[in-house]
Amino acid sequence: MLKGRLKQLGRIFSVISAAGFSIVLLLNVVAIFMFGKPEAIYFSPGWWFQWFPAYIAWFPFLMLAIVFRTHDNSRVD
């Protein structure tokens with residue numbers, strides 16, 4: 001029962017992290033091409049301070065998804 005719930009949590013966190021990364025990526029591309037923001041260009045000095053934290057914010061959700069989906073409920077005695 002617990003294993004099924006952990007797999008479900010893993011799927012939920014996968015969707016959340018994929019949506020978050022997709023939104024940030026889309027906003028980053030829009031900032032580059034539509035608004036011509038020089039700090040939106042990947043790996044430029046301004047990108048590290050303005051965009052990198054937005055990508056890092058979704059990383060814990062991705063890690064939780066991986067942990068919950070690969071969780072093995074077996075114990076070693």
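If you read the sequence from its start, that first residue is 1, and numbering goes on from there.
- For Glu39, the CD atom counts as densely surrounded, since its 6.0 Å shell holds more than 12 non-hydrogen atoms of other residues, nucleotides or ligands.
- Cluster membership for Leu25 and Ile32, using ILVMFWY side-chain heavy atoms within less than 4.5 angstrom, is shared.
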Give the table of side-chain donor-acceptor pairs shorter than 3.5 Å for residues 46-61, with sequence neighbours excluded, one pair per line with atom names and distance.
{"residue": "Trp47", "atom": "NE1", "partner": "Asn28", "partner atom": "OD1", "Å": "3.1"}
{"residue": "Tyr55", "atom": "OH", "partner": "Asn28", "partner atom": "OD1", "Å": "3.2"}
{"residue": "Tyr55", "atom": "OH", "partner": "Tyr42", "partner atom": "OH", "Å": "3.2"}

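- Atom CG of Leu64 is separated from atom CG of Leu6 by 11.5 Å, given to the nearest 0.5 angstrom.
- Checked by atom type and distance alone, the side chain of Lys7 pairs as donor or acceptor with a backbone atom of Arg69 at under 3.5 Å.
- Val29 and Ile41 are assigned to two separate hydrophobic clusters, defined by single-linkage of ILVMFWY side chains at heavy-atom distances under 4.5 Å.
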Let me check something: any side-chain donor-acceptor pairs from residues 11-21 under 3.5 Å, sequence neighbours excluded? List them with distances.
{"residue": "Ser14", "atom": "OG", "partner": "Gly10", "partner atom": "O", "Å": "2.8"}
{"residue": "Ser17", "atom": "OG", "partner": "Phe13", "partner atom": "O", "Å": "3.1"}
{"residue": "Ser17", "atom": "OG", "partner": "Ser14", "partner atom": "O", "Å": "3.1"}

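- Hydrophobic clustering keeps Leu27 apart from Met34 (ILVMFWY residues linked when any side-chain heavy atoms are closer than 4.5 Å, directly or through intermediates).
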